[in-house]
Structure formats: structure tokens, C-alpha cells
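To start, the structure under review is shown below, and the notes come after it.
Order of the sequence lines sets the chain letters (A, B, ...), proteins ahead of strands, with each chain counted from 1.
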Amino acid sequence: DQQVKQNSPSLSVQEGRISILNCDYTNSMFDYFLWYKKYPAEGPTFLISISSIKDKNEDGRFTVFLNKSAKHLSLHIVPSQPGDSAVYFCAANTNAGKSTFGDGTTLTVKP
Amino acid sequence: NAGVTQTPKFQVLKTGQSMTLQCAQDMNHNSMYWYRQDPGMGLRLIYYSASEGTTDKGEVPNGYNVSRLNKREFSLRLESAAPSQTSVYFCASSDGAEYNQPQHFGDGTRLSIL
């Protein structure tokens, strides 16, 4: 049973437009959520996070929204840039500190 | 800053051979992790170490062993490699003092088992 799901394997957007990446989870014990970005042949790097006591966290062009009742979070990138083309992983933590990852969404930003 | 360093970057093994993947971090982190990533899938936790001297199984521990040699180093050993263990292996570390600290990843070891 996959506890963290990213249902869109890929997403293509035009440069300057908004990218919206989605993530759903099933375990109500998750209370901290993170997004990581991964370029080919590199390890994932941390992008942005949100605690379950918040519904929004913003960092520059990146905003994460959390809807606890729907067990859904999303990452918004505005405006999208070609350098944002990468695989984005959603991860969820319980208070034990271990992360459960989704399968990733490959974002392609076209010039 | 090196961050998390994994060696080797690439390795080809024959079925039944053994090898050890090395990982070292220079951020004075307490917690370290080993993941595998198969094509089209996310990262699955193999083993983790919450602090020096402790190790625990993750989601997919079968066929692997680990050693937390000291605070800096966390190695992963395949005793008898199988084709199903062909994957990209990532080591990560985190402060561990609070559960909401992000993990820092190495660039991975690409392992092929023939």
C-alpha cells in the first residue's frame, strides 16, 4: 500500500507559466511534508517543506499548500523557468523522523 | 563543502559477488540513511541509523547489511548480489535532532548486477 502518491508521472509547462505538482497521502500520522528536486545523475536536494499545523508555506517562486482534510498537498512554481526542469519528489514524515517518498513527477519547462 | 560523499559512483557485479558501498558526511549529522531508487519509482528506505551505534531496518532490508562505523560513515553491504538489486543507491544524512529536518543526499551509486 503506497502511502504517498504522486499520480502524475510527468508535467510539461511553458516558461513563465505556473507549474502545479500534486501529492496525496493516506497515513494520518504524517505531520511534516517536504519537496525535493532531483536532476539527472545527482542526488535529491531539499526544496521546501510544510508542517501540518500550516496550510501554506512560501519561499520565493515556490509555494506549498497543504489540505489536511483531503490529505493532499501541492507545489506551485511561479513563474516556471527552464532550469526548473527536474524530477520532483514529495516526502512525508511522522514524528519518528523517517521519510516516505512518492514516485516523483518529471517537470519539463519549455522555453 | 563535500556534504555527503558516496563511493563508488558506478559498479558492475556478477550474481553472487559481494561488495560494500561507502558513505561519509561532513555535516556532523546524527542520522544517516540508505535508499534505493528503481526506474520510475521513488526512494525506498533500506536501513537507517538514528545515531552512532544504532541501526534499524527500513522498508526493503532483505539482502543488505549496514555498519555505522562512526558518526561520519555509514556503509551498505551486499553479501551475495542478485539481479533484483540492480538499482541506484542513495545515502543521506540529517541533523536528526528534530524530525522535521530535511535530508541531504549524496549523488548515488549506480549498481548493475549481471
Side-chain angles (χ1 to χ4, degrees), chain A residues 1-10 21-25 27 29-54 57 59 62 64 66 73 75 86-106, chain B residues 1-10 21 23-25 27 29-51 54-61 87-110:
Chain A
D1 177 33
Q2 196 168 13
Q3 298 186 59
V4 178
K5 294 184 180 179
Q6 295 176 254
N7 291 318
S8 298
S10 62
L21 295 89
N22 295 303
C23 179
D24 297 295
Y25 62 96
N27 188 345
M29 298 301 292
F30 290 143
D31 62 0
Y32 200 79
F33 304 90
L34 309 95
W35 286 93
Y36 291 85
K37 176 179 180 179
K38 184 184 179 304
Y39 292 118
E42 295 183 8
T45 56
F46 170 70
L47 187 59
I48 192 169
S49 61
I50 188 167
S51 166
S52 61
I53 63 173
K54 296 185 176 181
N57 188 28
D59 183 2
F62 303 92
V64 56
L66 175 62
L73 64 155
L75 174 67
V87 179
Y88 289 79
F89 290 101
C90 169
N93 287 10
T94 64
N95 60 11
K98 291 186 292 181
S99 292
T100 301
F101 287 82
D103 287 343
T105 296
T106 299
Chain B
N1 289 336
V4 178
T5 303
Q6 293 184 234
T7 55
K9 294 189 183 302
F10 303 93
L21 281 62
C23 174
Q25 53 91 8
M27 295 170 283
H29 284 166
N30 289 311
S31 301
M32 298 186 73
Y33 312 82
W34 275 106
Y35 294 91
R36 61 177 288 174
Q37 185 191 13
D38 299 319
M41 297 182 67
L43 291 89
R44 291 185 293 169
L45 184 65
I46 305 171
Y47 271 93
Y48 70 101
S49 172
S51 61
T54 67
T55 60
D56 286 288
K57 295 179 180 179
E59 180 186 356
V60 288
S87 189
V88 181
Y89 291 84
F90 290 100
C91 177
S93 70
S94 68
D95 186 292
E98 297 181 11
Y99 71 93
N100 57 2
Q101 294 301 307
Q103 295 179 20
H104 300 256
F105 288 83
D107 285 340
T109 294
R110 284 146 188 83

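With a 4.5 angstrom heavy-atom cutoff, Pro9(A) does not touch chain B via any of its atoms. Only the side chain of Tyr36(A) comes within less than 4.5 Å of a heavy atom of chain B; its backbone N, CA, C and O stay farther away. With a threshold of 4.5 angstrom between heavy atoms, Ala41(A) approaches chain B through its backbone and through its side chain. Interface residue Ser99(A): backbone and side-chain heavy atoms are both found under 4.5 Å from chain B. The parts of Leu43(B) that come within reach of chain A are both its backbone and its side chain, each placing non-hydrogen atoms under 4.5 angstrom from that chain.
Considering only residues two or more places apart in sequence or on other chains, Ala92(B) meets the side-chain contact (heavy atoms from CB on, under 4.5 Å) condition with Tyr33(B), Tyr35(B), Gln103(B), Phe105(B). Under the side chain to side chain donor-acceptor pair (under 3.5 Å) criterion, Arg44(B) pairs with Asp38(B), not counting sequence neighbours.
Here the shortest heavy-atom pairing between Leu45(B) and Lys98(A) reads CD2-CD, 3.7 Å. Nearest heavy-atom pair, Phe89(A) versus Gln37(B), reported as atom, atom and distance to 0.1 Å: CZ-NE2, 3.3 Å.
Atom OH of Tyr32(A) is separated from atom CD of Gln101(B) by 7.0 Å, given to the nearest 0.5 angstrom.
The environment of CE in Met29(A) is sparse: at most 12 heavy-atom neighbours from other residues, nucleotides or ligands sit within 6.0 Å.
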